[in-house]
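Written out below as structure tokens is the structure these notes cover.
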Amino acid sequence: MRQFIEEEVVKRLGNPDTQRNAFGEVVVELSEKLYWQIRKMVLNHDDADDVLQNTFLKAWTNIDSFRAESKISTWMFKIAVNECITFLNKQKAMNNISLDDTDSFLIETMKADEYFDGDELDEKLQKAILTLPDKQRLVFTMKYQDDMKYEEMSEILGTSVGALKASYHHAVKKIQEILVNDI
């Protein structure tokens with residue numbers, strides 16, 4: 001197994017003769033990280049797998065548009081975030097869920113997932129996180145759970161660092177409020 005060196009892989013992605021193998025390396029390198037980011041948004045293992053697959057399909061079909069202006073991982077995370085939002089919007093529409101019922105739907109989805117093994121405190125935290133609007137939830141999970149830097153989040157989400165910091169601050173306040181009132 002060769003070491004993943006971004007600059008080399010990006011060069012090989014630009015060459016039709018080496019593109020397929022280079023993309024395979026991207027898949028191997030980023031699958032787990034992308035899966036967990038997606039899973040934090042869609043909550044269900046099977047759904048996360050589907051969204052991950054869609055992410056890679058979209059990336060592969062658009063690989064020629066990758067200009068290396070950002071890291072390949074940043075580009076892939078951006079695609080994954082967009083695929084998550086598309087998936088969640090489809091789920092809400094398919095299940096005829098109003099904005100008010102979204103929290104309940106997502107909580108039930110999380111609890112029904114056979115891979116969810118959270119204890120009571122973890123479940124309370126997850127419920128609190130699920131009450132956040134999609135974008136705030138995404139910012140919170142990227143910062144709190146993934147310890148991602150604001151600058152990287154800014155590239156992925158196309159939002160200023162200041163706005164991300166404010167969003168994170170509001171998310172933390174809401175979660176604290178919910179947890180304090182729930183105890």
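Basis for what follows: all heavy atoms, side chains included, without hydrogens, waters or symmetry-related copies.
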Please check if [X] and [Y] belong to a single hydrophobic cluster, counting links between Ile, Leu, Val, Met, Phe, Trp and Tyr side chain heavy atoms closer than 4.5 Å.
{"X": "V172", "Y": "L179", "value": "yes"}
{"X": "V161", "Y": "F140", "value": "yes"}
{"X": "V28", "Y": "L57", "value": "no"}

Would you call [X] and [Y] a side-chain contact if the rule is heavy atoms closer than 4.5 Å?
{"X": "I156", "Y": "M148", "value": "yes"}
{"X": "I38", "Y": "E83", "value": "no"}
{"X": "L157", "Y": "M142", "value": "yes"}
{"X": "K78", "Y": "T74", "value": "no"}

Please report the interatomic distance [atom1]([X]) to [atom2]([Y]), rounded to the nearest 0.5 Å.
{"X": "C84", "Y": "I79", "atom1": "SG", "atom2": "CD1", "result": "12.0 Å"}
{"X": "I63", "Y": "R20", "atom1": "CD1", "atom2": "CZ", "result": "12.0 Å"}
{"X": "E155", "Y": "S73", "atom1": "CD", "atom2": "OG", "result": "8.5 Å"}
{"X": "Q37", "Y": "T55", "atom1": "CD", "atom2": "OG1", "result": "10.5 Å"}
{"X": "S70", "Y": "M76", "atom1": "OG", "atom2": "CE", "result": "11.5 Å"}

* Asked: Counting N and O atoms only, with roles assigned by atom type, does the side chain of T141 sit under 3.5 Å from a partner on the main chain of R137, one being a donor and the other an acceptor?
  -> yes
* Would you mind listing every salt bridge (charged side-chain N to carboxylate O under 4.0 Å, His left out) that reaches into residues 142-151, with sequence neighbours excluded? => K40-D146
* Closest contact, heavy atoms only, L52 versus S31 -> CD2-O, 4.0 Å
* **Heavy-atom closest pair, residues D64 and R67** => O-NH1, 3.2 Å
* To do: Step by step, work out the side chain to side chain contact (heavy atoms under 4.5 Å, CB included) result for R12 and E25.
  => CA-CA 10 Å; R12 292 181 19 247; E25 289 179 40; 2.4 Å; yes
* side chain to side chain donor-acceptor pair (under 3.5 Å) partners of residues 156-175, not counting sequence neighbours, each pair once -> K135-T159, Q136-K174
* Structure fact -> ring pair (Phe, Tyr, Trp, His ring centres under 6.0 Å) pairs touching residues 46-79, sequence neighbours excluded, are F23-W60, F66-W75
* **CA sep, side-chain torsions, deciding dist, call: K127, T131, side chain to side chain contact (heavy atoms under 4.5 Å, CB included)** => CA-CA 7 Å; K127 283 180 179 179; T131 64; 5.8 Å; no
* Asked: Is Q176 atom CD crowded by more than 12 heavy atoms from other residues, nucleotides or ligands, each under 6.0 Å away?
  -> yes
* Counting only heavy atoms not in Y144, do more than 12 fall under 6.0 Å of its OH? -> no
* side chain to side chain contact (heavy atoms under 4.5 Å, CB included) evaluation trace for L13 with I72 -> CA-CA 10 Å; L13 283 171; I72 190 79; 3.7 Å; yes
* Determine, stepwise, if the pair V51 / Y35 fulfils side chain to side chain contact (heavy atoms under 4.5 Å, CB included). => CA-CA 8 Å; V51 173; Y35 168 83; over 6 Å; no
